[in-house]
**Q** 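Right, I'll just put the structure down here and ask away after.
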Number of protein chains: 2
Amino acid sequence: MRDGRETKERITRAALTLFVEKGFAETSIRDITSAVGVTEGALYRHFASKEQLAWDLFSTNYISFATELTRARIGRTGFGAQIGAMLDTFCRFFDEDPELFSYLLLVQHNESGKLPDTIKTPVDAVRECVIDAMESGDIPPADPEFVTASLLGVVLQVATARIYGKIDKGLCELKDELTATCLRVAQG
Amino acid sequence: MRDGRETKERITRAALTLFVEKGFAETSIRDITSAVGVTEGALYRHFASKEQLAWDLFSTNYISFATELTRARIGRTGFGAQIGAMLDTFCRFFDEDPELFSYLLLVQHNESGKLPDTIKTPVDAVRECVIDAMESGDIPPADPEFVTASLLGVVLQVATARIYGKIDKGLCELKDELTATCLRVAQG
DNA sequence: CATCTGCAAGTGAACGATCACTTACTTTGG
DNA sequence: CCAAAGTAAGTGATCGTTCACTTGCAGATG
C-alpha cells in the first residue's frame with residue numbers, strides 16, 4: 001500500500017520549511033501540498049487542521065528539546081558544568097536542524113501559552129539551573145528571571161545571527177565561546 | 001474641517017495595538033477601523049494598503065530609534081560610557097512605549113530587509129560601538145558579530161521578559177544591572 | 001452677513017480573490 | 001475484496017481593496 005507515514009512526514013517537513021520562510025498565516029494549505037506533490041485532501045487525511053499541523057510541529061519538538069536539556073543537566077555538579085552540558089545539547093540540536101530551531105523560535109510566543117503549566121519548557125530548564133546555582137552559591141544571588149533572560153538572550157541571539165548568515169561558524173564550533181560568555185553573564 | 005491627521009494617528013495606534021496583540025496577518029482592516037470607529041474607506045484615505053500601514057509604522061520608528069542610539073553614543077569616550085548611554089536611551093524608549101517596542105521586535109525580521117543598505121539600524125549602532133571599542137583596545141578582540149549578538153541578546157531578552165510580566169521592574173530601573181551585564185559580556 | 005463653492009474626510013455596499021476545509025469518488029496494494 | 005490513501009471539484013466565509021456617493025467645513029463672492 002502507498003505509505004501514508006512517508007507522505008505525512010513530507011508534509012510535516014514542507015510545512016516547517018514554508019512556515020519558517022513565509023510565516024504561518026502567509027503559508028496556505030495549497031502551498032504545502034503542492035510543495036509535497038499531493039492535493040489538499042491528502043493533507044487532511046493526516047492532519048485535522050492547519051492549526052493542528054503547526055501545533056504538532058511545535059509541541060512535539062519543543063517538549064522533547066526541553067527533555068534533552070534537562071537530561072543534559074542531571075548528573076553534573078556545579079553551574080559551569082551544567083551550563084556547559086546544556087549548551088552542548090543546544091548547539092548540537094541547532095546544528096542538526098537549524099530550520100526546526102527557527103520554527104520553534106518563531107512560533108514560541110504564540111504556541112507556548114497553550115502548553116499546560118505542568119509541562120517543562122526549555123526556558124524552565126535554564127531557570128531551574130540558575131536557581132540551583134544561586135542556592136548552592138555557585139553564582140551570586142540576583143533576580144533569577146533577569147539572569148535566565150540574559151543567558152537565553154546571548155544564546156538565542158547568537159543562534160539568530162547564525163541563521164541570518166552574519167556568523168559563519170556552526171554553533172558547535174562556538175560552544176566554548178558561548179559557554180565562556182554565559183559564565184561571565186552569571187558571575188554578577 | 002474634520003481633522004484627518006487625528007484620525008490617521010488613531011488608525012496608526014489601533015493598528016499597532018492589534019498587530020502586537022494578534023499579529024499582522026491575523027488583524028483585518030475591519031478590525032482596525034472598527035476599533036477606531038470609522039469605516040474601511042477612511043483608512044484607505046490615509047494609507048495606500050495594509051502593507052504600507054505596517055511599513056510606515058515600522059520604518060519611521062525603527063530609523064528614528066537608530067538615530068537616537070547613535071546620537072547617545074557620540075561625544076562619549078570609552079566603551080563603558082558609550083554602552084551606558086545607549087542603554088539609557090534604550091530603556092527610556094522601551095518604558096515610554098513598550099507596545100511600540102514589541103511591534104518593532106515582532107516585525108523586525110520581516111521588514112528590516114526592505115530597508116536600503118545605506119540606512120543605519122539599531123543593530124548597526126551597537127556593532128559600530130563594539131568595533132570601535134575593539135580597535136581602541138577598550139574590549140578584547142573577538143568576532144564583532146558574536147559580541148554584538150550577545151549584547152543585543154541580553155538586552156532584548158530582558159525586555160521580552162519584561163513584556164511578558166516575568167520581570168516586574170521597568171527597564172529604567174534595571175539600567176544599571178543591564179549595563180553591568182553588558183560590560184561583563186564584552187570583557188572576553 | 002448670507003450664500004455658494006470646492007475639496008478633504010468619511011460612508012457603506014460591493015467586488016474578485018483566496019482561504020481552510022469538505023465531500024464524493026477513484027486508486028492502490030496486502 | 002476492502003480499507004487506507006489520494007484526487008478533484010466544490011463550499012461558504014473572509015479578506016483587502018474599490019468606488020460612487022455623502023458630509024462637514026474653510027474661504028471666496030456679492
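So that the names make sense, note that chain A is the first sequence line, chain B the second, and so on, each numbered from 1.
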**Q** So, is B:H46 near the phosphate of C:dA8, with a side-chain N or O under 4.0 Å from OP1 or OP2?
**A**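 Answer no for this pair, as no side-chain N or O of B:H46 is under 4.0 Å from OP1 or OP2.
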**Q** If you find the nucleotide of DNA chain D closest to B:S49 and the one closest to B:R45, which residue's nucleotide is nearer the 5' end?
**A**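 Nearest nucleotide further toward 5': that of B:S49.
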**Q** Of the listed nucleotides (D:dT7, C:dA20, D:dT18), which one gets closest to any side-chain atom of B:Y44?
**A**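 Among the listed nucleotides, the one closest to the side chain of B:Y44 is D:dT18.
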**Q** In whole angstroms, how far is the C1' atom of D:dT18 from the NZ atom of B:K50?
**A**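 Rounded to the whole Å, the gap is 17 Å.
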**Q** In whole Å, I'd like the distance from the CG atom of A:L43 to the C1' atom of C:dT22.
**A**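 Checked: the CG to C1' distance equals 13 Å.
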**Q** Could you identify which residues of residues 20-30 of chain A place a heavy atom less than 4.0 Å from some atom of DNA chain C, listed by residue number, or say none?
**A**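 Heavy-atom cutoff 4.0 Å gives A:T27, A:S28, A:I29, A:R30.
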**Q** Which pairs of donor and acceptor atoms, one on a side chain in residues 146-153 of chain B, lie under 3.5 Å apart (sequence neighbours left out)?
**A**
unit_1	atom_1	unit_2	atom_2	d
B:T148	OG1	B:P144	O	2.6
B:S150	OG	B:F146	O	2.9

**Q** Whole-Å distance between C:dA9 C1' and B:R10 CZ?
**A**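 From B:R10 CZ to C:dA9 C1': 13 Å.
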**Q** What integer distance in Å separates A:E40:CD from D:dA5:P?
**A**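 It works out to 19 Å between those atoms.
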**Q** Should the pair A:F94 and A:F101 be assigned to parallel (<30°), tilted (30 to 60°) or perpendicular (>60°) ring geometry?
**A**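 The rings of A:F94 and A:F101 stand perpendicular, inter-plane angle above 60°.
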**Q** Test the B:K175-B:F90 pair against the cation-pi criterion, namely NZ or CZ under 6.0 angstrom from the six-membered ring centroid and within 45° of the ring axis.
**A**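 Judged by the rule (NZ or CZ under 6.0 Å from the ring centre, within 45° of its axis), B:K175 is not positioned above B:F90.
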**Q** Consider the side chain of A:T39, meaning its heavy atoms from C-beta on, and name the nucleotide among D:dA8, C:dT11, D:dT17 that approaches it most closely.
**A**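 Looking only at heavy atoms from C-beta outward on A:T39, the closest nucleotide is D:dA8.
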**Q** Could you tell me the separation between the CZ atom of A:F47 and the C1' atom of D:dA5, rounded to a whole number of Å?
**A**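 Whole-Å distance recorded here is 14 Å.
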**Q** For residues 118-125 of chain A, which side-chain donor-acceptor pairs fall under 3.5 Å, sequence neighbours excluded?
**A**
unit_1	atom_1	unit_2	atom_2	d
A:K120	NZ	A:E128	OE1	3.4
A:T121	OG1	A:V123	N	3.3
A:T121	OG1	A:D124	N	3.1
A:T121	OG1	A:D124	OD2	3.2
A:D124	OD1	A:R127	NH1	2.9
A:D124	OD2	A:T121	N	3.0

**Q** In this structure, are over 12 heavy atoms from other groups packed under 6.0 Å from B:E96 atom CD?
**A**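 At most 12 heavy atoms, drawn from other residues, nucleotides or ligands, come within 6.0 Å of this atom.
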**Q** After noting the C-alpha distance and the side-chain angles of B:R73 and B:D132, does the key distance pass the salt bridge (Lys or Arg N to Asp or Glu O under 4.0 Å) rule?
**A** CA-CA 11 Å; B:R73 195 164 77 87; B:D132 283 1; 3.2 Å; yes
**Q** Specify the residue among A:A48 and A:D31 whose closest nucleotide of DNA chain C lies further upstream toward the 5′ end.
**A**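 First, find each residue's nearest nucleotide; the 5'-ward one identifies A:D31.
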